[in-house]
Amino acid sequence: MKRYHVTTFGCQMNEHDSERIKGMLETLGYREADSREAADLILFNTCSIRERADSRFLAHLGAAKRVKQERPETVIGVGGCWAQSVKEEVFRRFPFVDVAFGPGQVHKLAEFLTSDSLSAQGYFEFEGFAGHLPARRERPHQGWLQISVGCNCRCAYCIVPSTRGREVSRPLEELVAEAQRMAAEGVKEVTLLGQNVNSYGRDLRDSSGSPRRFSELLRALDAVEGIERIRYTSPHPKDMREDVIRAHAECRHLCEHIHLPLQSGSSRILKAMRRTYDRERYLDRVALIREHVADIALTTDIIVGFPGESERDFEETLEVVDAVGFDGAFTFIFSPRRGTEAAQMNDSFVAHEVKVQRMERLVALVQRRAQERAQRFVGRELEVLVEGPSRTDPTRLRGRTRHNKVVNFSGLASAGELTRVRIHSATSQTLSGEELLLARANPAG
Ligand code: 5AD
Ligand code: SF4
């Protein structure tokens, strides 16, 4: 029996793709190895979103090279966004790599492994959905649903349109059927994945010839028996229309959390980024969301130090962060990416130390606001999907609320159960509480 080892970098889409890679390998008779040293097939599912992602992966690739030197029959494969961004160059730079494939060519890995090909092969077309392959779920109660691939946006900083291609949506009926299958297999929480989930369906037509809508998909999935929670990532503020927001208010299983990437609070920088919304429009979306779902948790992504970002532009970002009061934010220093528009811009306007200081100022504000926001949960009883033991204290449990807050709590529930927890305290990142044991007999009550 052959063994595989997969290392995954990057976003949830890559985690999804890796589950499909593993599922596909298992149908070919492979089993997972405990370490790279014990594997016949060593795979990397790579990311290229920032320079750091590249360098982390390259450090791991060195370890694979050593295994290959000791056991030349080991097959080394590199998939994902970094592979797509360098294509055939991977074989010139790293001659010990046997197979490379982009995110649209995961299925070709099987073809390669079952052929007699002894030469290195690269597969970089945009043609398949990894979501069509069998999955090996890392957590039996949580599943990914890939609703679309690719991205038609042209954000100036972003490498993804070139690594994942044009946007293609999967048919609504196919997605509902997949969610039904997942529910039958015990999945309780489904996360819809796409590079820009809420533009879903523009390339599809319903029976009367109208485009499909993301809100329609949300409603159809809300009706799937057994799926208790629906999440999605990531939406684009430009497509956050009233029908999607209404679906939040009306669909019982749709969680009270939206990750809505801001990127910058300065309209001038947003324009240079080609985000197609400005500060007012973003704030207006937030107001509309809160009008319909007052208690919603909002998280975001922010880039500091985009080429040309002045102190005033940055202060505008701080103003928006303060005004919105995010429940959490991922913050990044701008990193020029090959082939993107922003990589051509003059990036010497702001010194690196200034970018680092801006990042620190931003993080301090994000944490303060998140901490303040989290206090609204103290004293409440929240529904929690249990993930397993707490990472810091194995005598306690860890789970997630519908607001996507991590909760550490004392209790008796098992992984995969939905239970109710009374919240005693809250930091910017996590909640702490105690399971309501009487509620376990009737978790929905
Ligand atoms: N530099 C820094 N951050 C970036 N992101 C995307 N591209 C870059 C880049 N070139 C951030 C954005 C995006 C998140 C996934 O990564 O904030 O939303
Ligand atoms: Fe990384 Fe973006 Fe590719 Fe995800 S889509 S793996 S974040 S480059």
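Fair warning: this is a prediction, and the values are worked out from it, not measured in the lab. In what follows, residues are counted from 1 in the order of the sequence shown. Order of appearance sets the numbers: ligands from 1, and atoms from 1 within every ligand.
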- Working for ring pair (Phe, Tyr, Trp, His ring centres under 6.0 Å), residues Y123 and H107: CA-CA 10 Å; Y123 304 97; H107 54 287; 8.5 Å; no
- Protein residue, atom and distance nearest to atom 7 (N) of ligand 1, heavy-atom basis: Y157 CD1, 3.3 Å
- Message: Suppose we measure from atom 17 (O) of ligand 1 to each protein heavy atom; which comes out shortest, and what is that distance?
- Response: Q263 OE1, 2.6 Å
- Query: Where does the angle between the aromatic ring planes of Y157 and F306 fall among parallel (under 30°), tilted (30 to 60°) and perpendicular (over 60°)?
  - Reply: perpendicular
- Query: What closest approach, in Å, do Y4 and E26 show between heavy atoms, and which atom pair accounts for it?
  - Reply: OH-OE2, 2.6 Å
- Message: Closer than 4.0 Å to some heavy atom of Q195 - which atoms of ligand 2 meet that?
- Response: 5 (S)
- Task: Considering heavy atoms of the protein only, find what lies nearest to atom 1 (N) of ligand 1 and give residue, atom and distance to 0.1 Å.
- Result: S335 N, 2.9 Å
- Item | Atoms in ligand 1 with a heavy atom of R337 nearer than 4.0 Å | 10 (N)
- Query: Parallel, tilted or perpendicular: which fits the ring planes of F96 and F94, with parallel below 30° and perpendicular above 60°?
  - Reply: perpendicular
- Query: Are the charged groups of R137 and E189 less than 4.0 angstrom apart, N to O?
  - Reply: no
- From F306, F330, F332 - option closest to atom 3 (N) of ligand 1 by heavy atom: F332
- Which atoms of ligand 1 have any heavy atom of F334 under 4.0 Å away? 1 (N), 2 (C)
- Item | Electrostatic pair E319:R279 at N-O distance under 4.0 angstrom | yes
- Query: Less than 4.0 Å between a side-chain N and a carboxylate O, is that true for E372 and R368?
  - Reply: yes
- Query: Are there any protein N/O/S atoms under 2.8 Å from atom 4 (Fe) of ligand 2, and if so, which?
  - Reply: C11 SG
- Provide, to 0.1 Å, the distance between atom 2 (C) of ligand 1 and the closest protein heavy atom, together with that atom's residue and name. I333 O, 3.4 Å
- Query: Donor-acceptor pair, S335 side chain versus E51 backbone, under 3.5 Å?
  - Reply: yes
